[in-house]
Amino acid sequence: MRSIRPLVGRRIATAEFRNLRVLRGGNPDHMAARLAGRRIASVKRYGKFIVATLDDGAFLMIHLGMTGKLLLGGAPGKHTHAILTFDRGMLLYDDSRQFGCIEFHEEFPKRVARLGPEPLEVSYEDFAQAMSRRKTTVKALLLNQTFLRGVGNIYADEALFRAGIHPQALACHIKKDRVRKLYDAVRQVLSEAIEAGGSSISDYVDAEGRSGWFQFSHRVYGRTGEPCPVCGTPIRRVVVTQRSSHFCPVCQRRPGGLRNTRTS
DNA sequence: ATCGGTACCTGCACGC
DNA sequence: TGCGTGCAGGTACCGA
């Protein structure tokens, strides 16, 4: 984000789209024609979405999925799906797994409008009330972008660890003091991660090709079998709603009445 | 309305 | 060296 800010105020000379899949049904010729000559009026992050507003009021929406990258300059590669050239410089959209997308919208994109609140902006009262109404596991709820925007698998695990909550605890059963801890932990983890430039698990880089540093602060994510940094108990991995969850079985006690568990 | 399961796609680490 | 398997950050969509 901080690396693509410099594009604000620049004029798009040409747009080229090489992969229809990441356009999610958008017409590449129409998009290219609509983008050419437009200036980027602003760029804003909404959870995991990036929305650029154009000078004519239209929007370019980008989601990086799991492997997406926005690169300022450099040579297009095998997985470069979009190339925007500017009056000065160039932006490449690169995504090997193609789970991300780049879309053009005349109106503010509905998917973004439907997102839940920003964790750093939501009040504790709203957060706690929303939690108390959900019967799903807290892990699934944290990953649900209509509940809270921007929390992914890594940061969900890290926040649950810091709050001392088992990933399979039911959201509505979590005690008030723990909910408060979770609220604080989510905000803390996200702001630390943003500050550190993100988590580079395999090949994540920002627009200047820099990797993040937050992976060195992961206390449980990807540390199956390693000692818990608090009590030394080996970190465990379970699958919750098809996603791996890492936790300390002592610091994050299993509540009763859980759904079936697979540990490794 | 809400929930869980599945599909989408490529790359990598691993064991054989 | 090469092949098969399982795993990976995310969301949309389906049926229950």
Report task. Calculate the interatomic distance between Lys69(A) atom NZ and dG9(C) atom C1'; express it in whole Å. Result -> 11 Å
Query raised in the report: Want to settle it: does Ala140(A) or Arg97(A) sit nearer the 5' end of DNA chain B, counting the closest nucleotide to each?
Result: Ala140(A)
Query raised in the report: Could Asp157(A) and Lys139(A) be called an ion pair, given the rule that one side-chain N must be under 4.0 Å from one carboxylate O?
Result: yes
Report task. Indicate yes or no: does Asp206(A) engage Lys69(A) in a salt bridge with an N to O separation below 4.0 Å. Result -> no
Query - Separation of dG9(C) P from Tyr155(A) OH (nearest whole Å) - result: 12 Å
Query raised in the report: Are Phe147(A) and Val112(A) grouped together when hydrophobic residues (ILVMFWY) are joined by side-chain heavy atoms under 4.5 angstrom apart?
Result: no
Name each donor-acceptor pair under 3.5 Å that joins a side chain in residues 44-55 of chain A to protein atoms two or more places apart or in another chain, with its distance.
from	atom 1	to	atom 2	distance (Å)
Arg45(A)	NH1	Gly47(A)	O	2.9
Arg45(A)	NH2	Glu118(A)	OE2	3.2
Lys48(A)	NZ	Val151(A)	O	3.4
Thr53(A)	OG1	Ser42(A)	OG	3.4
Asp55(A)	OD1	Arg38(A)	NE	2.6
Asp55(A)	OD1	Arg39(A)	N	3.4
Asp55(A)	OD2	Arg39(A)	N	3.1

Query - Arg237(A), nearest nucleotide to its side chain (from dG10(C), dG4(B), dA8(C)) - result: dA8(C)
Report task. Extract the stems that DNA chain C is part of, considering only consecutive pairing runs of at least three Watson-Crick or G-U wobble pairs, both distances under 3.5 Å. Result -> B:2-8 with C:10-16, B:10-16 with C:2-8
Query raised in the report: Is it true that Glu121(A) and Arg149(A) have a side-chain N and a carboxylate O under 4.0 angstrom from each other?
Result: no
Query - Closest nucleotide among dC9(B), dG10(C), dT10(B) to the His79(A) side chain - result: dT10(B)
Query raised in the report: Phosphate oxygens OP1/OP2 of dT10(B): is one of them under 4.0 Å from a side-chain N or O of Lys78(A)?
Result: no
Report task. Report yes if at least one side-chain N or O of Arg134(A) is closer than 4.0 Å to OP1 or OP2 of dC3(B); otherwise report no. Result -> yes
Query raised in the report: Does the side chain of His63(A) get closer than 4.0 angstrom to OP1 or OP2 of dT11(C) through an N or O atom?
Result: yes
Report summary line: When rounded to whole Å, the CD to C1' distance for the pair Gln215(A) and dA8(C) reads 15 Å
Requested in this report: Output yes when a side-chain donor or acceptor of Asp94(A) lies under 3.5 Å from a complementary backbone atom of Leu71(A), and no otherwise.
Outcome: no
**Report entry** Phosphate-side-chain proximity, Lys135(A) and dT2(B), N/O vs OP1/OP2 below 4.0 Å
**Finding:** no
Query raised in the report: Okay, side chain of Glu158(A), backbone of Tyr221(A): is any donor-acceptor separation there less than 3.5 Å?
Result: yes
Report task. Check every strand shown and say whether Gln98(A) touches a base, only sugar-phosphate, or nothing at a heavy-atom separation below 4.0 Å. Result -> sugar-phosphate
**Report entry** Worked verdict on His166(A) versus Phe247(A) for ring-ring contact (aromatic ring centres under 6.0 Å, His included)
**Finding:** CA-CA 7 Å; His166(A) 192 285; Phe247(A) 70 103; 4.6 Å; yes
Query - Base dG10(C) to side chain Arg243(A), donor-acceptor N/O within 3.5 Å cut-off - result: yes
**Report entry** Donor-acceptor under 3.5 Å (Tyr93(A) side chain, Cys101(A) main chain)
**Finding:** yes
Query raised in the report: Quick one, which residues of residues 141-153 of chain A touch DNA chain C with a heavy atom under 4.0 Å?
Result: Gln145(A), Gly152(A), Asn153(A)
Query raised in the report: Would you say Phe99(A) stacks on dC8(B), if stacking means ring centres under 5.5 Å apart and planes within less than 30 degrees?
Result: yes
Query - Gap between atoms CD1 and C1', on Ile154(A) and dG10(C) respectively (whole Å) - result: 11 Å
Query raised in the report: Going by distance alone, is a donor N or O of one side chain under 3.5 Å from an acceptor N or O of the other, for Gln188(A) and Arg162(A)?
Result: yes
Query raised in the report: Does the side chain of Arg133(A) get closer than 4.0 angstrom to OP1 or OP2 of dC3(B) through an N or O atom?
Result: no
Requested in this report: Report yes if at least one side-chain N or O of Ser244(A) is closer than 4.0 Å to OP1 or OP2 of dA8(C); otherwise report no.
Outcome: yes
Query raised in the report: Whole-Å distance between dT11(C) P and Glu103(A) CD?
Result: 13 Å
Requested in this report: May I ask you to evaluate whether Ser96(A) reaches the phosphate of dC9(B), defined as a side-chain N or O under 4.0 Å from OP1 or OP2?
Outcome: no
Query raised in the report: Rounding to a whole Å, what distance do you find between Met61(A):CE and dA12(C):C1'?
Result: 12 Å
Report task. State whether Lys181(A) and Asp177(A) are salt-bridged, where the test is any N-O pair (Lys NZ or Arg NE/NH1/NH2 against Asp/Glu carboxylate O) under 4.0 Å. Result -> no
**Report entry** Interatomic distance, Leu170(A) CG vs dG4(B) C1' [rounded to whole Å]
**Finding:** 14 Å
Report task. Could you check which of dC3(B), dG9(C), dT11(C) has an atom nearest any side-chain atom of Tyr221(A)? Result -> dG9(C)
Query - Atom-to-atom span, CG of Leu64(A) to P of dA8(C) - whole angstrom - result: 21 Å
